[in-house]
Amino acid sequence: MGKYTSLSKFIVKNIGGKDNVVSLIHCFTRLRFVLKDESKANTEALKGNEEIVDVIQANGQYQIVIGMHVESVFDEINSLYHFSGGETVADEEALKEDTKLIDKKQSLWDKAVDLLSGIFVPILGVLCASGMVKGLLAILTTAGVLKNTDGTYIILYAIGDALFYFFPVFLAVTAGKKFHVDQMTSLVIGTAIIYPTLIQAMSGKAAATVLSGTIFQTKAYLTFLHIPVLLNNYTSTVIPIILAVWAASYVQRFAKKISPASVANFLVPLITILVIVPLTLLVVGPVSIWLSDIIAWIVKELYKLSPILLGAFIGGMWQILVIFGVHNAIIPIVLNNLATQKFDVIFAANIACPFTQLAALCALALILKDTKQKRNTIASIFPAIFGITEPAIYGVTLPLKKPFFISCISSAIGGILAMLMGVKFYQMGGQGIFAFPCFLSPNATNFSDIISAVIVVLISMAISFCLTLIFCKPKKQTNNI
């Protein structure tokens with residue numbers, strides 16, 4: 001049974017059955033049926049379904065407003081009933097009306113999850129595959145089968161890391177589809193913000209210093225039209241490209257209105273990229289950097305106030321910080337701690353994070369009924385063992401909401417335990433199970449920190465596993481948790 005099987009059967013039953021359907025097509029948000037007899041349709045029952053936004057009868061069509069995932073519902077209905085039709089029709093006025101209806105019916109969180117799901121689900125398979133390659137590579141190098149200078153290692157590393165490094169490029173494609181932006185235009189935006197010359201400029205001489213004397217003091221290496229550009233390395237990031245493509249949807253819409261039909265083919269993308277790429281670098285860059293500065297300041301102040309509060313913050317918020325790409329602000333603090341005091345407690349506080357995701361995945365694999373969800377869950381387990389949780393977060397736990405929050409809560413408890421037990425982190429190293437050697441003291445005679453780290457992880461995993469089993473059982477007659 002697919003994710004939308006129950007909804008699909010409900011819809012067809014309440015439009016008078018399969019035999020009452022002449023044809024079916026869909027637009028951006030609506031299923032558009034042509035029925036033999038519309039009086040046979042149970043409009044009130046359809047409107048009462050939580051997964052249906054509205055029902056509209058117009059222009060000889062019986063239109064059911066679903067939302068941006070309408071294509072998935074359409075595909076499921078056709079796989080069950082094999083109706084005629086299938087082309088996507090463009091109806092921007094209907095899209096505007098439906099967006100207002102959807103906004104009224106969906107909570108802010110539902111909108112965010114629907115957005116992230118629409119962007120990440122198309123790349124979930126290759127995301128899991130890339131994570132598995134990285135996990136396999138970690139095993140081979142740890143076992144001494146490969147060295148990081150071997151040609152085989154270099155090629156396998158490129159295969160496993162390509163998607164993660166060029167994340168903005170992949171997300172540009174899926175976000176373009178989600179926001180109805182020309183995908184070639186989206187690709188130009190995605191590749192422009194990670195263009196090598198921009199990244200290399202960050203290692204050069206600063207052209208100016210912005211906001212000197214504050215926690216937001218930042219070096220600008222380039223200017224655009226005499227405006228300082230606060231560069232950021234956008235490789236592997238998520239939020240910047242999503243914001244950029246979202247903004248591009250409005251610019252593209254405006255460009256279409258003002259562009260003559262004879263030159264719209266090149267003028268629309270020209271206007272879009274000329275506006276959005278500089279806007280992204282000038283606005284998103286500074287916001288990302290300043291958010292990172294704020295996070296770094298919070299971490300320092302929490303440590304001064306109470307290590308336990310620091311443990312709860314780092315453990316509970318780490319996965320969220322990763323989603324927004326501002327976790328890198330903490331790394332310089334960790335490196336400074338390792339250099340000055342030969343150990344760190346910040347990274348000790350997030351030791352449980354990938355493992356609470358792993359425990360939630362294992363619990364979900366036991367209780368999920370939806371075969372597609374179960375397959376995605378099982379496929380995400382192997383990468384999570386090695387600390388690669390993107391497939392788990394974006395493909396499974398975040399869309400289901402409760403497992404993600406349970407994982408964060410369990411990690412927060414793990415962070416508190418790590419601080420109470422005085423766990424210390426001694427060196428930068430691997431992720432997941434390969435992070436444990438980082439807790440071995442330099443003289444390799446004191447194993448107490450590794451033992452404590454293992455205890456923290458096991459307790460956090462047990463909490464995450466049990467809470468997921470208790471609170472995430474699928475509801476009857478639905479695939480939602």
Side-chain angles (χ1 to χ4, degrees), residues 115-116 119 163-212 214-260 263-295 323-329:
L115 174 65
L116 289 175
I119 291 171
L163 182 142
F164 296 100
Y165 184 86
F166 294 106
F167 227 170
V169 179
F170 287 86
L171 296 180
V173 175
T174 56
K177 184 176 181 180
K178 185 69 177 177
F179 294 120
H180 308 291
V181 176
D182 175 70
Q183 291 183 340
M184 294 300 105
T185 302
S186 299
L187 275 172
V188 171
I189 297 169
T191 50
I193 66 173
I194 62 169
Y195 196 69
T197 305
L198 294 177
I199 297 174
Q200 291 166 9
M202 295 174 64
S203 60
K205 185 179 179 181
T209 301
V210 179
L211 300 175
S212 300
T214 70
I215 64 169
F216 302 115
Q217 179 173 313
T218 311
K219 292 181 178 179
Y221 296 93
L222 295 174
T223 62
F224 179 78
L225 300 178
H226 303 294
I227 303 171
V229 179
L230 306 185
L231 291 174
N232 195 18
N233 188 342
Y234 295 107
T235 59
S236 304
T237 59
V238 172
I239 301 300
I241 187 60
I242 293 176
L243 290 176
V245 176
W246 169 74
S249 67
Y250 291 94
V251 176
Q252 178 181 269
R253 200 176 303 164
F254 173 76
K256 285 181 177 178
K257 289 181 180 179
I258 65 171
S259 299
V263 293
N265 186 46
F266 70 85
L267 190 57
V268 171
L270 175 64
I271 293 172
T272 305
I273 60 178
L274 279 179
V275 172
I276 291 300
V277 174
L279 186 66
T280 302
L281 297 175
L282 289 169
V283 178
V284 176
V287 170
S288 299
I289 293 170
W290 294 335
L291 279 175
S292 298
D293 291 337
I294 292 171
I295 297 299
I323 290 174
F324 284 92
V326 295
H327 64 295
N328 288 327

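FYI, side chains are in, hydrogens and waters are out, and symmetry mates aren't considered; it's all heavy atoms of this structure.
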Query raised in the report: Considering only heavy atoms from C-beta outward, does the side chain of Ile276 approach that of Tyr250 to under 4.5 Å?
Result: no

Query raised in the report: Okay, side chain of Ser236, backbone of Phe164: is any donor-acceptor separation there less than 3.5 Å?
Result: yes

Report summary line: Note: Ser186 and Val181 closest approach over all heavy atoms is OG-CG1, 3.4 Å

Requested in this report: Please step through side chain to side chain contact (heavy atoms under 4.5 Å, CB included) for the pair Leu282 and Phe224, ending with a clear verdict.
Outcome: CA-CA 8 Å; Leu282 289 169; Phe224 179 78; 4.0 Å; yes

Requested in this report: Output yes when a side-chain donor or acceptor of Thr174 lies under 3.5 Å from a complementary backbone atom of Leu171, and no otherwise.
Outcome: yes

Report task. Check Thr280 against Ala244 and note the closest heavy-atom contact, atom names and distance. Result -> OG1-CB, 3.4 Å

**Report entry** Nearest-0.5 Å distance, CD1 of residue Ile227 to CG of residue Leu222
**Finding:** 13.0 Å

**Report entry** Trp290 and Thr218, any side-chain heavy atoms less than 4.5 Å apart
**Finding:** yes

**Report entry** Heavy-atom pair with the smallest gap, counting every atom of Ala172 and Gly190
**Finding:** CB-CA, 4.2 Å

**Report entry** Spatial distance of atom NZ (Lys178) from atom OG (Ser249) [nearest 0.5 Å]
**Finding:** 12.5 Å

Report summary line: In short, Ile194 meets Phe166 closest at the heavy-atom pair CD1-CD2, 3.6 Å

Query raised in the report: Is any side-chain heavy atom of Ile119 less than 4.5 Å from a side-chain heavy atom of Val238?
Result: no

Report task. Show your working on side chain to side chain contact (heavy atoms under 4.5 Å, CB included) between Ile271 and Ile258 and close with a plain yes or no. Result -> CA-CA 10 Å; Ile271 293 172; Ile258 65 171; 4.1 Å; yes

Requested in this report: Apply side chain to side chain contact (heavy atoms under 4.5 Å, CB included) to the pair Val169 and Val173, showing each step before the final yes or no.
Outcome: CA-CA 7 Å; Val169 179; Val173 175; 5.6 Å; no

Query raised in the report: Hey, what do you get for CD1 (Ile273) to CD (Gln252), rounding to the nearest 0.5 Å?
Result: 11.5 Å

Report summary line: Nearest heavy-atom approach of Pro228 to Thr223 is CA-CG2, 4.1 Å

Query - Approximate separation, where rounding is to 0.5 Å, of Ser259 OG and Asn265 CG - result: 10.5 Å

Requested in this report: Taking the side chain as every heavy atom from C-beta outward, state whether Pro269 and Val188 have any pair of such atoms under 4.5 Å apart.
Outcome: no

Query raised in the report: Of the non-hydrogen atoms in Lys219 and Thr209, which two are nearest, and what is the gap between them?
Result: CG-OG1, 4.3 Å

**Report entry** Inter-residue atom distance Gln200.CD - Leu231.CG, 0.5 Å rounding
**Finding:** 12.0 Å

Report summary line: So OG1 of Thr235 and CG of Leu198: to nearest 0.5 Å the spacing works out to 12.0 Å

